[in-house]
**Q** 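Can you read through this structure? Questions will come right after.
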There are 2 protein chains.
Amino acid sequence: MNKKKITVKELAQQLGVSISTVSKALNDSYEISEVTKQRIRKHAEKHNYKPNRLAVNLKSGKTRTIGVILPSILNNFFTTVLYGIEQVTNKRDYNIITCISNESHDNEVTNTEILSNGSTDGLIVAIAEETQINRNYGHFQECIDEGNPVLMLDRVTKSISCDKVIVDDFNDAFLATEHLVNLGCKKLALVSTIEFLGVGKKRVKGFKKAVSELLGDEHPELVLETSLKKLQLQIENLLDDHKIDGVLAVDEDASLVVHKVSKSKGFKIPNDIAIIGYAGKKLAKYISPSLTTVNQNGVKIGRAAARILIDRLEGKKTDFVTKIIATNIVKRGSTFKID
Amino acid sequence: MNKKKITVKELAQQLGVSISTVSKALNDSYEISEVTKQRIRKHAEKHNYKPNRLAVNLKSGKTRTIGVILPSILNNFFTTVLYGIEQVTNKRDYNIITCISNESHDNEVTNTEILSNGSTDGLIVAIAEETQINRNYGHFQECIDEGNPVLMLDRVTKSISCDKVIVDDFNDAFLATEHLVNLGCKKLALVSTIEFLGVGKKRVKGFKKAVSELLGDEHPELVLETSLKKLQLQIENLLDDHKIDGVLAVDEDASLVVHKVSKSKGFKIPNDIAIIGYAGKKLAKYISPSLTTVNQNGVKIGRAAARILIDRLEGKKTDFVTKIIATNIVKRGSTFKID
DNA sequence: TTGAAAGCGCTAACAC
DNA sequence: GTGTTAGCGCTTTCAA
């Protein structure tokens with residue numbers, strides 16, 4: 001509490017020079033003589049001078065700060081994305097200010113407004129579920145119109161023209177389904193608790209396409225779209241009522257519950273029922289049998305997002321880009337059939 | 001890019017009044033007549049005026065922003081803490097700006113400096129491993145001296161006087177060990193990959209105390225402190241060389257590997273070997289048998305931290321507090337012995 | 001080589 | 001009830 005931050009003004013007074021001389025000296029301006037620079041720098045150092053960011057930012061109109069709005073942080077995928085963003089922003093000398101929308105539209109709007117009122121140079125956003133349901137993207141458009149670039153990742157919308165970083169959910173689900181078919185599965189089901197999300201819809205489409213193309217009409221697919229609360233019961237019913245031998249679970253909760261229920265019903269995984277899910281690495285690796293997953297590469301998504309947005313902020317981009325990050329299927333125990 | 005943010009100045013010009021009148025009207029000052037207020041507000045609304053935060057902050061000397069420096073975000077515990085912090089800051093109308101030290105001292109110093117140069121009103125910190133090893137806490141002291149309150153959570157140090165939020169690691173480990181003893185375990189081992197952290201040391205102490213008090217000298221405890229790389233091998237050796245029937249694993253990696261190795265060696269959990277670990281809820285719940293854990297209550301820690309720091313920022317606190325958050329043992333399959 | 005002064009966008013004490 | 005003005009801490013043009 002004692003040695004309050006020192007300002008340029010105070011430095012100037014103490015040294016008996018003008019404010020601007022101090023400022024220039026500290027910014028290594030060619031206008032100032034080496035002697036003066038040394039003197040000023042030494043004094044500044046001694047008093048542990050650090051420029052006030054707020055003032056610098058206000059003056060320059062730049063903040064070197066990126067706002068990040070995520071629907072949730074208790075979700076392995078978004079955590080991983082955040083990690084990726086942080087790696088790049090850190091390296092390129094930017095800060096991130098993080099907000100959680102908690103899947104709520106109102107929160108998202110508030111966050112967007114706060115962050116775009118001078119605190120940040122641009123936003124990285126994964127759209128909240130509620131926003132995707134009511135399709136109200138005005139706050140983002142406004143933000144962009146005001147000169148604050150927005151980049152959307154994973155959960156994006158066609159309604160807004162901006163940079164985007166996504167994975168090819170349709171194709172990933174197709175490939176995952178194909179993997180199940182190649183294993184010899186005939187009776188496939190998809191389980192989802194994210195039917196309202198764009199990514200959820202795309203995964204369903206990819207799944208359906210794969211089933212109809214690869215298995216044909218005599219093996220119609222089953223799609224269970226449900227909520228977290230009904231999940232367990234519905235899966236129990238699903239497994240009771242149909243002789244399912246392969247499941248694509250398109251989110252972490254669905255994956256875990258399918259896995260658990262299958263075991264508790266005495267089905268052997270993968271011989272009775274093969275499972276491909278979406279889940280964090282540790283979880284996938286340590287449940288038994290371990291779970292084959294579609295690896296969404298959150299870190300890469302985050303990195304790409306930060307890179308693209310910073311490039312735009314620094315004027316290295318003109319046209320909007322949509323970057324598709326490659327995913328891969330990590331094969332684990334839940335699809336290693338023993339013939 | 002078209003409708004650049006409008007400023008008070010512009011509003012004033014357009015309305016033919018002075019800047020201060022606009023400012024006062026928008027801040028609902030008693031000095032301004034209702035008529036004028038209405039007129040100004042309406043106009044501001046129409047042009048979607050939002051005050052520039054940077055300017056407001058610079059002027060007021062407050063930012064309503066809290067800096068959060070965490071060692072890692074890919075760690076369930078800290079993610080949970082962050083979630084708790086966010087809940088409170090959000091409710092109390094504060095923002096958080098998040099930085100990851102990645103357990104590096106240099107990163108931590110840089111982050112501390114950046115965040116304390118006007119961008120934030122105060123800091124919430126969990127000390128990086130490297131910092132705890134070399135015990136160099138000068139950057140925090142400096143920050144505090146400059147009038148930026150710091151709150152430490154989980155990983156704290158006696159060297160700095162400030163608010164702290166912790167769990168009673170000594171006691172928790174003691175109770176966890178007691179639980180193992182009550183189960184009838186005689187040959188106990190502790191496994192850790194966090195020997196350098198204060199919390200790691202305390203857990204070891206609690207464990208040792210419990211063993212010597214509850215089992216006595218004829219059952220000496222085993223302590224395996226190792227690194228992530230050697231973890232698996234060392235645990236295999238441990239289980240091969242000693243007839244261990246109870247393990248306390250004091251971090252997530254240790255917990256998972258002990259669990260896995262025990263199973264792969266054919267030991268029945270919990271009958272041959274009972275395990276208590278530290279791990280995220282989902283992980284603990286879905287591995288099988290499910291894992292009894294010491295629940296560190298990250299959300300509560302985060303909430304308490306944010307609450308205490310904000311109270312201090314708002315002058316509602318004088319003396320430094322050290323808040324101890326209660327933990328509990330969540331009993332799951334890995335300690336449900338069948339007699 | 002140095003300094004005076006304006007201004008980033010806003011607030012507030014003090015005049016009028 | 002409204003306006004003038006100074007100033008938060010800094011950068012930068014322009015003048016000396």
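Proteins get letters first, then strands, A, B, ... in listed order; numbering begins at 1 in each.
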**Q** Considering heavy-atom distances to DNA chain D, does A:E31 or A:L54 have its closest nucleotide positioned more toward the 5' end?
**A**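 Checking each residue's closest nucleotide, the 5'-ward one belongs to A:L54.
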**Q** Starting the side chain at C-beta, find the nucleotide from D:dG3, D:dT2, D:dC8 nearest to B:I32.
**A**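 Closest of the options to the side chain of B:I32: D:dT2.
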**Q** By nearest nucleotide on DNA chain C, pick out whichever of A:A55 and A:K37 is the more 5' one.
**A**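 Here A:K37 is the residue nearer the 5' end.
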**Q** From OH of B:Y30 over to P of D:dT2, roughly how many Å is that when rounded to an integer?
**A**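 My rounded result for the distance is 14 Å.
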**Q** Under a 3.5 Å threshold, yes or no: a donor from one side chain and an acceptor from the other, between A:E108 and A:T131?
**A**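 Short answer, yes.
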**Q** Just how far, in rounded Å, is P of D:dT2 from CG of B:N27?
**A**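 Those two atoms, CG and P, are 16 Å apart.
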**Q** Between A:C99 and B:N95, is any pair of side-chain heavy atoms under 4.5 Å apart?
**A**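 Yes - at least one pair of side-chain heavy atoms lies under 4.5 Å apart.
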**Q** Could you give the NZ-to-P distance, from A:K24 to D:dA15, as a whole number of Å?
**A**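 So the two atoms are 13 Å apart, to the nearest Å.
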**Q** Step through the shown structure and confirm whether more than 12 heavy atoms of other residues, nucleotides or ligands are within 6.0 Å of NZ on A:K300.
**A**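 No, NZ of A:K300 has 12 or fewer neighbouring heavy atoms, counting only those of other groups under 6.0 Å.
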**Q** Which part of the nucleic acid, if any, lies within reach of B:T36 when heavy atoms closer than 4.0 Å are counted: base, sugar-phosphate only, or nothing?
**A**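 Touches sugar-phosphate only.
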**Q** Looking at D:dT11, D:dT2, D:dG9, which one has an atom nearest to any side-chain atom of A:N52?
**A**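 Taking heavy atoms from C-beta onward, the closest nucleotide is D:dG9.
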**Q** So what is the end-to-end bend of the helix from C:dT1-D:dA16 to C:dC16-D:dG1, with 5 pairs used at each end and the value given to 10 degrees?
**A**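 Between the first-five-pair axis and the last-five-pair axis there is 50°.
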**Q** Closest nucleotide of DNA chain D for A:T7 versus for B:I19: which of these residues is on the 5' side?
**A**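 The 5'-side residue here is B:I19.
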**Q** Rounded to the nearest angstrom, tell me the gap between atom NZ in B:K9 and atom C1' in D:dG3.
**A**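 B:K9 atom NZ is separated from D:dG3 atom C1' by 16 Å.
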**Q** What I want to find out is whether A:E146 reaches B:K50 closely enough, with some N-O distance under 4.0 Å, to be called a salt bridge.
**A**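 Answer for the salt bridge query: no.
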**Q** Does A:S60 reach a base, just sugar-phosphate, or nothing at all? Heavy atoms under 4.0 Å.
**A**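 Nothing, no heavy atom under 4.0 Å.
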**Q** Would you indicate whether the side-chain heavy atoms of B:E34 and B:K37 approach each other to under 4.5 Å?
**A**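 Counting from C-beta outward, B:K37 and B:E34 do come under 4.5 Å.
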**Q** Reckon A:S33 touches a base, only the sugar-phosphate, or nothing at all at heavy-atom distances under 4.0 Å?
**A**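 Sugar-phosphate: the residue A:S33, judged by heavy atoms under 4.0 Å, touches backbone atoms but no base.
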**Q** Identify the residue among A:V199, A:V81, A:V125 that makes a side chain to side chain contact (heavy atoms under 4.5 Å, CB included) with A:D154.
**A**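 The side chain to side chain contact (heavy atoms under 4.5 Å, CB included) with A:D154 is passed solely by A:V199 among A:V199, A:V81, A:V125.
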**Q** Any Lys/Arg nitrogen of B:R155 or B:E103 sitting under 4.0 Å from an Asp/Glu carboxylate oxygen of the other?
**A**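 B:E103 and B:R155: salt-bridged.
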**Q** Return the value, rounded to whole Å, for the distance between atom NZ of A:K50 and atom P of D:dG9.
**A**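 It is 17 Å, rounded to the nearest whole Å.
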**Q** Where the side chain of B:V17 is defined as all heavy atoms beyond and including C-beta, which of D:dT2, D:dG3, D:dC10 is the nearest nucleotide?
**A**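 The closest nucleotide is D:dG3.
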**Q** Any side-chain N or O of B:S18 under 4.0 Å from OP1/OP2 of D:dG3?
**A**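 Yes, within the criterion.
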**Q** If you draw a 6.0 Å radius around NZ in A:K323, do more than 12 non-hydrogen atoms from other residues or ligands fall strictly inside?
**A**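 No, NZ of A:K323 has 12 or fewer neighbouring heavy atoms, counting only those of other groups under 6.0 Å.
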**Q** Chain B on DNA chain C: first and last contacting nucleotide, 5' to 3', under 4.0 Å to a heavy atom?
**A**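 Both ends considered, the range comes out as C:dC8 to C:dC14.
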**Q** Please report, rounded to the nearest Å, how far the C1' atom of D:dC8 is from the CG atom of A:L58.
**A**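 The distance from CG of A:L58 to C1' of D:dC8 comes to 9 Å, rounded to the nearest Å.
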**Q** Would you tell me if any nitrogen or oxygen in the side chain of B:K59 comes within less than 4.0 Å of OP1 or OP2 on D:dG9?
**A**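 Answer no for this pair, as no side-chain N or O of B:K59 is under 4.0 Å from OP1 or OP2.
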**Q** Any non-hydrogen side-chain atom of A:T112 less than 4.5 Å from a side-chain atom of A:F140?
**A**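 Result yes, sub-4.5 Å side-chain heavy-atom pair found.
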**Q** Starting from the C-alpha separation in whole Å, work towards a yes-or-no answer on salt bridge (Lys or Arg N to Asp or Glu O under 4.0 Å) for A:R312 and A:D163.
**A** CA-CA 9 Å; A:R312 173 163 308 287; A:D163 294 311; 2.5 Å; yes
